[in-house]
Amino acid sequence: MATQVNSFVGITWGRQQSQELVPSMVVDLLLQNKIPQLRLMTSGYDIIEIFSATNISISVTMGNQVFWQANKKDLAYTWINERINDPINKGVNIVELTVGSEPFSNTFLKQAKNDNVVSVLKLMRETLDEMGLGNIRVTTGHGMDVLKVKQFPSEADFRDDIKGSMLDSLGEFNRTGTPFVIYLFPIHFIKEVLNYTMEFAFFDNKSGFKIQDGNLTYTNAVELMIDSLAWAITKAGYPNMKITIGQIGWPTDGYLHANIKNAERFHKGLLKFFASNKGTPLRPGPIDAFLHSLSDENEFRTIFGAFQRHWGIYKSDGYPKYKIDFSLQDHDEYPTQAKGIVKMPNRWCNFNGDKSNLNLVNKNYDLACKEADCTGLEKGASCDGLNFESKVSYAFNAYFQKCKQKVETCDFDGLGEIVATNPSVKNCEFPIEILSFQDQVNQNGMKLRI
């Protein structure tokens, strides 16, 4: 990241996976790829000490669902002491606390809406200061759905129903010198909000489509999204408030245009944009950003789309999906893969083809997909083209792998069979799980380090 003199490009890491990467391997991935900053999508309470003495800057997250743990001064003091102060004393470089995630969302996280976020944010700021941790930034992350967006960035403003809370937040950010953190997902924004050509999502836009807003020209969605927010902040009275991109990425499955080829193309253009330090038409200059995300999360909620489980630059087994150059030098190469990954045996669970009782087949298919990740079978996803028998096999195998290949979990009322021949076809992979953190500890007789 040496090319970024005045800014950085970090990465996010969420842990809603059936089989998690060993935390020490994640540390190695960050160090090998020279990624300087990590945004943990949780507090990382059980693994954060693994980052001690690494110089990796860490942002930890207090989820919307745990505000009750710190909504009073004594509770806030306890939470900060355990989740921030203790790790810092053990050498972890925590630089930021994110309070909540998209608390005013009316799309992805609308069920987690929390009007209490501003008061908790202020309380955490006050408590950190009293504990001598004034250098820790306190912020919250918002999606683009906090805005009323029209065709032109200059027309954007905060939604009327949350304007009071947004102005309160902005006042606090301004008082403490904290950037506004925005989450940008161009693939969704273009399709669901703007309804523009998908080419507009890419920096090498080949369509010729552009938006002319006064004397400012937009040829890609990212610059348009940032400047839409900048206009809203300016209208609120803070024209100089810094904007940090807390998440930005491109899913590889579970959505129209979500594939490896497009993800590689998007990131190639995005990282060249960051390396240029040119900024946007309205906000020239360097931009801080976190790529989203390190690895897939096959247990993430899919209420707003199967693609939510496929943001990872890496597969859940630590292998990179596509070429991306974290050094911002525009090298055409794959990033370093995780070392020390231990996969389970080459065994898959297949449907044996018995369709004499289709009700029974469908019942077991539904049961498997209720417990395991079948998002690869969604319309337009990588395995959508499978025939009926193969789709059932995919579902059976997904459940079998999640259950650590226990023989009895491939029974499915006599419809399943364990095979040693890989049933994967074309772009549709029938995965094999990796041994989880705890499995590898138990297998190797290692001491658990958390």
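Quantities reported herein were computed from a predicted structural model and do not represent experimental measurements. Values below: all heavy atoms of this structure, side chains included; hydrogens, waters and symmetry mates excluded.
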Determine whether the side chains of [X] and [Y] contain a donor N or O and an acceptor N or O closer than 3.5 Å.
X: Asp168; Y: Ser165; answer: no
X: Arg137; Y: Thr178; answer: no
X: Asp145; Y: Ser105; answer: yes
X: Gln37; Y: Ser59; answer: no
X: Thr12; Y: Gln247; answer: no
X: Asn259; Y: Thr252; answer: no
X: Glu433; Y: Ser18; answer: yes
X: Asp413; Y: Asn364; answer: yes
X: Ser207; Y: Glu199; answer: no
X: His292; Y: Tyr183; answer: no

Handout entry: For Tyr218, ring-ring contact (aromatic ring centres under 6.0 Å, His included) partners two or more places apart
Key =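 Residues passing ring-ring contact (aromatic ring centres under 6.0 Å, His included) with Tyr218: none at all.
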Between [Y] and [X], is the closest basic N to carboxylate O distance under 4.0 Å?
X: Lys268; Y: Asp325; value: no
X: Arg265; Y: Asp204; value: yes
X: Lys315; Y: Asp317; value: no
X: Asp296; Y: Arg309; value: no
X: Glu223; Y: Arg283; value: no
X: Asp332; Y: Lys323; value: yes
X: Glu299; Y: Arg15; value: no
X: Lys321; Y: Glu264; value: no
X: Lys148; Y: Glu155; value: no

If you compare all heavy atoms of [X] against all heavy atoms of [Y], which two are closest, and at what distance to 0.1 Å?
X: Val407; Y: Arg347; result: CG2-NH1, 4.4 Å
X: Thr139; Y: Leu121; result: C-CD1, 3.8 Å
X: Gln405; Y: Ile432; result: NE2-CG2, 3.8 Å

